[in-house]
Amino acid sequence: MEYRRLGAALRDAEATHPAQVAIVRLLLYTGARVGEIRDLRWGWVQPPRLALPDSKTGAKTIWLNSQALAILDALPRREDCSLVFPDRTGKAPVAVVSWWTALRQRCSMPDLRIHDLRHSFASTAIMDNVPLATIGRLLGHVLPETTARYAHLADDVIGDAAQRISGALAQAMGLRA
């Protein structure tokens, strides 16, 4: 994914669509599903986590990092509404999908699905050598096999690990690594 173009498009849209921009940034920083963030309620925001009572796989904890906490702290709260991202009426979540379609056109990424932000979170974690079990916990995966689908994104990481392991073994045996 081209993060610079996406970042610039989000900055350009911030003044006119602050809620949608905040949602996309939270998706990037947490690996959450779009419905988990779009439908978020203030009662579920329990720093340093979001405590979702229900998600695709049941109750779920989404861990909040400093970037995600800063986004949530900056959001306005409406006393008459429990939604973090309400529409104008305060009765439903703000619309994201149609806005996302226009945004991805503006940043020349017409094929970028909003769910791809979740994949980007996982692939970045893999490239940073975060263990698959940890990534699975962050994404709320019940089965390790679900997280393992992202492992193909890390062929370079796996190759580098194989080289480091074999080098350490060769060195331990007194061979040139």
Side-chain angles (χ1 to χ4, degrees), residues 1-45 47 49-78 80-128 130 135-141 146-147 149-150 152-154:
M1 178 192 311
E2 174 49 68
Y3 293 107
R4 288 195 190 278
R5 278 188 289 166
L6 180 59
L10 290 172
R11 284 188 297 280
D12 289 346
E14 201 161 16
T16 56
H17 294 88
Q20 289 88 340
V21 169
I23 288 170
V24 169
R25 287 182 175 151
L26 283 172
L27 294 173
L28 278 165
Y29 295 146
T30 64
R33 294 178 180 91
V34 67
E36 294 168 342
I37 299 300
R38 180 198 59 221
D39 302 342
L40 189 61
R41 302 204 174 256
W42 284 112
W44 305 343
V45 179
R49 68 189 60 83
L50 301 177
L52 307 182
D54 192 28
S55 72
K56 183 178 175 183
T57 55
K60 178 179 179 181
T61 298
I62 296 175
W63 293 97
L64 299 170
N65 47 56
S66 59
Q67 293 87 353
L69 285 167
I71 291 166
L72 290 167
D73 286 344
L75 292 173
R77 283 181 93 145
R78 288 176 50 177
D80 63 332
C81 182
S82 66
L83 290 165
V84 174
F85 299 106
D87 66 3
R88 286 189 189 118
T89 70
K91 296 181 185 343
V94 69
V96 178
V97 176
S98 59
W99 173 83
W100 174 256
T101 301
L103 179 86
R104 65 187 193 177
Q105 295 296 331
R106 280 196 302 279
C107 61
S108 300
M109 293 192 278
D111 298 327
L112 182 65
R113 301 168 305 144
I114 202 160
H115 191 73
D116 292 335
L117 303 178
R118 183 171 167 84
H119 294 270
S120 292
F121 179 88
S123 63
T124 300
I126 287 170
M127 288 185 267
D128 282 346
V130 176
I135 297 168
R137 295 263 330 261
L138 288 169
L139 295 176
H141 290 158
T146 307
T147 310
R149 291 183 305 180
Y150 295 103
H152 74 279
L153 301 171

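These numbers come from the heavy atoms of this one structure, side chains and all, not from hydrogens, waters or symmetry mates.
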**OP:** Mind checking the OG1-CD1 spacing from Thr124 to Ile135? Nearest 0.5 Å is all I need.
**Re:** 9.5 Å
Subject >> Separation of Met109 CE from Tyr3 OH (nearest 0.5 Å) >> reply: 9.5 Å
Subject >> Pro93 versus Asp39, closest heavy-atom pair with distance >> reply: CG-OD1, 3.2 Å
Subject >> Lys91 side chain vs Cys81 backbone, donor-acceptor pair below 3.5 Å >> reply: no
Original post:
Once you round to the nearest 0.5 Å, how far does OG of Ser123 lie from CZ of Arg118?
Top reply: 12.5 Å
Between side-chain atoms of residues 68-75 and protein atoms elsewhere (two or more places apart, or another chain), which donor-acceptor pairs fall under 3.5 Å?
none

Please tabulate, for side-chain N and O atoms in residues 16-23, each donor-acceptor pair with protein atoms closer than 3.5 Å (sequence neighbours left out).
from	atom 1	to	atom 2	distance (Å)
Thr16	OG1	Ala13	O	3.3
Gln20	NE2	Ala95	O	3.1

Subject >> Closest approach of Ala32 to Ile62 (non-hydrogen atoms, all atoms of both residues) >> reply: CB-CD1, 3.6 Å
Subject >> Residue pair Trp42 / Pro76: nearest heavy atoms and the distance that separates them >> reply: CZ2-O, 3.9 Å
**OP:** Work out which heavy atom in Leu139 is nearest to a heavy atom in Ala122; give both atom names and the distance.
**Re:** CD1-CB, 3.9 Å
**OP:** Could you tell me which residues satisfy side-chain hydrogen bond (donor to acceptor under 3.5 Å, both in side chains) with Arg5, sequence neighbours excluded, listed by chain and number?
**Re:** none
Original post:
Mind checking whether Phe121 and Leu138 have side chains closer than 4.5 Å, heavy atoms only?
Top reply: yes
Subject >> Approximate separation, where rounding is to 0.5 Å, of Leu6 CG and Ser108 OG >> reply: 11.5 Å
**OP:** Keeping to residues at least two apart or across chains, list the side chain to side chain donor-acceptor pair (under 3.5 Å) pairs with something in residues 62-71.
**Re:** none
Original post:
At their closest point, which heavy atom of Val24 faces which heavy atom of Trp99, and how far apart are they?
Top reply: CG2-CZ3, 3.6 Å
Original post:
Looking at side-chain heavy atoms only, is the closest gap between Trp100 and Leu27 below 4.5 Å?
Top reply: no
Subject >> By side-chain hydrogen bond (donor to acceptor under 3.5 Å, both in side chains) - contacts of Thr89 (at least two apart) >> reply: Asp87
Original post:
If you look only at pairs with a residue in residues 7-33, which of them pass as a salt bridge (Lys or Arg N to Asp or Glu O under 4.0 Å), with sequence neighbours excluded?
Top reply: Glu14-Arg25, Arg33-Glu36
Subject >> Given Val84, Thr61, Ile37, Thr30, the one that forms side-chain contact (heavy atoms from CB on, under 4.5 Å) with Leu50 >> reply: Ile37
**OP:** If a pair satisfies salt bridge (Lys or Arg N to Asp or Glu O under 4.0 Å) and one of its residues is in residues 93-112, list it, with sequence neighbours excluded.
**Re:** none
Original post:
How would you list, by chain and number, every residue that makes a salt bridge (charged side-chain N to carboxylate O under 4.0 Å, His left out) with Asp80, sequence neighbours excluded?
Top reply: Arg78
Subject >> Those residues that, when tested against Arg137, pass side-chain hydrogen bond (donor to acceptor under 3.5 Å, both in side chains) (two or more places apart) >> reply: none
Subject >> Spacing of CG belonging to Leu117 relative to OH belonging to Tyr29, to within rounding of 0.5 Å >> reply: 11.5 Å
Subject >> Listed partners of Thr101 passing side-chain hydrogen bond (donor to acceptor under 3.5 Å, both in side chains), at least two apart >> reply: none
